[in-house]
2 protein chains.
Amino acid sequence: MFRLLKTLGLQCAMRLKRSLSSEPSDSTPASPGTGVRDERKQRTRKALLDAALTLLDGERSFSSLSLREVAKVAGVVPAAFYRHFTGMDELGMSLVDDSFRTLHEMMRVARSAPLPPANLIARSVETFLRYAQAHRLHFQFIAKERVSGSSSVRLAIRKELRLWTSELAADLVAFPKLKGFNGDDLRMMAGLVVNAMMSATELILDADLNDAAELGRIHQLAQKQLMLIFLGAAQWKSKPVQ
Amino acid sequence: MFRLLKTLGLQCAMRLKRSLSSEPSDSTPASPGTGVRDERKQRTRKALLDAALTLLDGERSFSSLSLREVAKVAGVVPAAFYRHFTGMDELGMSLVDDSFRTLHEMMRVARSAPLPPANLIARSVETFLRYAQAHRLHFQFIAKERVSGSSSVRLAIRKELRLWTSELAADLVAFPKLKGFNGDDLRMMAGLVVNAMMSATELILDADLNDAAELGRIHQLAQKQLMLIFLGAAQWKSKPVQ
DNA sequence: GTCGTTAGTGAACATGTGTGCACTATAAAC
DNA sequence: GTTTATAGTGCACACATGTTCACTAACGAC
């Protein structure tokens with residue numbers, strides 16, 4: 001992790017130095033990190049990340065990808081890989097960052113345009129699964145490497161998922177039915193929701209995208225599971241005295 | 001899958017042929033598949049399976065294991081591998097079989113000695129997680145390859161998990177509180193339970209085995225999640241008219 | 001225009017890989 | 001005892017892998 005941060009930090013510092021010296025802070029649109037050179041570098045960096053995600057799509061797991069393979073798909077010679085990452089581990093950490101960036105963006109969009117209370121659960125499930133389908137590679141990466149990746153990648157993903165769970169718990173506090181939940185119990189419930197959604201995501205990602213019936217079944221299953229959870233949550237704390 | 005069945009079938013047939021011809025169905029204790037030779041073969045077969053499980057314990061994922069590596073840990077030359085499996089895929093399918101055999105055995109034991117209704121959920125969680133810890137390699141294999149394995153292994157695991165979910169649903173029908181559940185909804189609820197338990201299993205398998213506090217936290221989390229699910233289930237079907 | 005920096009190249013290396021083949025030793029069948 | 005079947009060996013091959021190194025070309029700073 002820290003190696004990734006160091007690299008990114010250095011790159012940012014370099015880019016900052018250049019823009020500071022070349023542009024005396026004037027009024028140019030200042031597209032960040034301008035310059036044909038930087039743009040090209042970022043492009044092949046992205047090509048490497050995309051190549052890994054693409055390779056990961058089918059059967060493969062991240063730990064079975066080879067550096068050469070990724071470089072080849074990215075249209076670059078193996079040695080060029082080292083201009084961007086110190087090795088596959090660091091590329092993996094970048095994928096974690098990117099993947100959770102898209103997940104958090106989804107949450108941001110969802111919060112900025114809140115759904116009407118009617119059918120809230122069903123609509124939320126719909127929105128989430130549709131988004132997961134649209135960004136299948138990122139969600140697939142999270143789902144796979146959450147459990148099977150190298151320990152650095154796996155731990156990073158698990159940390160992000162915990163963070164997401166906490167965010168969700170914070171959102172849940174707004175529901176009037178969930179009074180009387182303490183923080184721990186809220187996270188416990190949020191964990192249940194996250195599990196159900198991740199499980200549904202795995203099913204969606206493995207499903208035939210053209211089989212509308214199967215997709216519908218998965219959506220409905222997830223909706224019912226969430227409803228059951230909320231039904232239980234509305235009763236919580238009345239019986240269990242703890 | 002069918003290649004595995006074929007191989008096993010052939011081996012069984014061969015062993016059958018031998019025992020039929022060598023033993024005229026007399027009163028010898030007839031330990032099945034007797035003979036020093038068969039016993040030796042089964043021993044190195046098991047050594048190969050154990051080697052794979054052992055290698056899988058830490059960081060590695062099954063698809064990143066090499067045939068030579070497995071053979072070396074098993075204390076056998078690579079070519080000898082082919083006397084037992086046609087390749088790593090077939091060995092993977094055998095691991096699926098073995099892993100779910102231990103899971104089903106746990107269920108069998110649990111059913112034969114039913115728990116008293118008091119604290120039933122808490123005790124069941126305790127039993128399950130303790131069993132998972134005791135058979136960590138098998139449960140780890142299931143947890144990992146459920147989502148990241150080659151498609152044949154992954155599909156086999158998912159099929160077994162569906163089967164397990166159905167079994168659990170059949171068990172749930174005995175609860176008086178769960179009247180009014182149709183079969184689909186029972187499986188939906190059972191899926192929720194399975195998800196929660198698998199998620200807790202993943203946490204347990206990653207946890208430090210000596211950190212009693214952390215283990216306790218995981219146990220309690222899983223217990224609360226199951227309680228919440230059952231709380232919701234008790235209310236099911238009253239509100240949702242479907 | 002000149003020159004330094006650097007993203008990307010191509011070749012080389014040592015090592016690991018899956019798989020085939022002739023072989024050996026030994027349990028089992030006769 | 002003689003013969004047969006076979007689990008395991010040792011060696012070979014062609015190929016894939018991670019990493020290094022000197023090199024080239026072109027962008028950016030001056």
Side-chain angles (χ1 to χ4, degrees), chain A residues 7 10-11 13-24 28 31 33-49 51-52 55 60 62-92 150, chain B residues 7 10-11 13-24 28 31 33-49 51-52 55 60 62-92 150:
Chain A
T7 304
L10 285 178
Q11 287 186 349
M14 278 157 49
R15 208 179 304 155
L16 187 64
K17 195 187 70 180
R18 282 179 201 160
S19 51
L20 278 181
S21 52
S22 69
E23 299 171 3
T28 45
S31 56
T34 190
V36 180
R37 197 143 197 168
D38 279 341
E39 191 208 354
R40 256 178 213 273
K41 176 161 187 181
Q42 294 308 313
R43 201 187 305 160
T44 90
R45 186 188 140 95
K46 184 164 175 353
L48 286 168
L49 291 166
L55 272 278
R60 321 288 304 279
F62 185 74
S63 59
S64 78
L65 296 187
S66 74
L67 186 152
R68 290 180 101 103
E69 207 174 0
V70 172
K72 188 186 295 179
V73 172
V76 137
V77 97
F81 183 98
Y82 294 102
R83 302 284 183 201
H84 301 272
F85 307 99
T86 62
M88 287 295 288
D89 267 11
E90 196 173 291
L91 183 143
S150 75
Chain B
T7 305
L10 285 177
Q11 289 187 348
M14 279 156 47
R15 208 179 305 155
L16 188 63
K17 196 186 70 182
R18 282 178 201 160
S19 50
L20 279 181
S21 52
S22 67
E23 298 169 4
T28 46
S31 57
T34 191
V36 180
R37 197 142 197 165
D38 278 342
E39 190 210 354
R40 255 179 212 273
K41 175 160 187 180
Q42 293 309 312
R43 200 187 307 160
T44 90
R45 186 188 141 96
K46 184 165 177 344
L48 287 167
L49 292 166
L55 285 176
R60 319 286 307 277
F62 185 75
S63 58
S64 79
L65 296 187
S66 76
L67 186 152
R68 291 180 102 104
E69 207 175 0
V70 172
K72 187 186 295 178
V73 172
V76 137
V77 98
F81 183 99
Y82 294 103
R83 301 285 182 198
H84 302 272
F85 307 99
T86 61
M88 287 294 289
D89 266 12
E90 197 175 288
L91 184 143
S150 74

Positions of residues 73-82 of chain B (non-hydrogen atom under 4.0 Å from DNA chain D), listed by number: B:V76, B:V77, B:A79, B:A80

Grab the CZ-P distance between A:R68 and C:dC13 for me, whole Å please. 14 Å

Nearest whole Å is fine: how far is C:dG18 P from B:L91 CG? 12 Å

Among residues at least two apart in sequence or on other chains, which ones pass side-chain hydrogen bond (donor to acceptor under 3.5 Å, both in side chains) with B:T44? B:H84

What is the distance from atom OH of B:Y82 to atom CD of B:E90, rounded to the nearest 0.5 Å? 12.0 Å

Test of understanding: with side-chain hydrogen bond (donor to acceptor under 3.5 Å, both in side chains), list the residues that count as partners of B:S63, not counting sequence neighbours. A:S61, B:S61

How close do A:M88 and A:F62 get, heavy atom to heavy atom, and via which atoms? O-CZ, 3.3 Å

Within this structure, what is the NZ-to-P distance between A:K72 and D:dC15, rounded to whole angstrom? 13 Å

Residues forming a side chain to side chain contact (heavy atoms under 4.5 Å, CB included) with B:A47, sequence neighbours excluded: B:A74

Please state whether the base of C:dG8 and the side chain of A:R83 form at least one donor-acceptor pair under 3.5 Å? yes

Quickly work out the A:E69 CD to D:dC15 P distance and round it to whole Å. 17 Å

Not counting sequence neighbours, which residues clear side chain to side chain contact (heavy atoms under 4.5 Å, CB included) with B:A80? List them please. B:V76, B:V77

Rounded to the nearest angstrom, tell me the gap between atom NZ in A:K46 and atom P in C:dA7. 19 Å

Tell me: CG of A:L48 to P of C:dA7, nearest whole Å? 13 Å

Are A:S66 and D:dT17 close enough that a side-chain N or O sits under 4.0 Å from OP1 or OP2? yes

Between atom NZ in A:K41 and atom P in C:dT6, what is the gap in whole Å? 9 Å

OP1 or OP2 of D:dG8 less than 4.0 angstrom from a side-chain nitrogen or oxygen of B:T44, does that happen here? yes

Which residues pass the salt bridge (charged side-chain N to carboxylate O under 4.0 Å, His left out) test with B:K72, not counting sequence neighbours? none

Could you give the distance from CZ (B:R45) to CZ (B:F85), rounded to the nearest 0.5 Å? 4.0 Å

Can you tell me how far P of C:dG16 sits from CG of A:L67, to the nearest Å? 17 Å

Might you list the N or O atoms of the protein lying below 3.5 Å from N or O atoms in nucleotides 24-27 of chain D, with each pair's distance?
{"residue": "D:dC27", "atom": "O2", "partner": "A:R37", "partner atom": "NH1", "Å": "2.6"}

Please enumerate all residues that pass side chain to side chain contact (heavy atoms under 4.5 Å, CB included) together with B:R60, with sequence neighbours excluded. B:S64, B:L65, B:E69

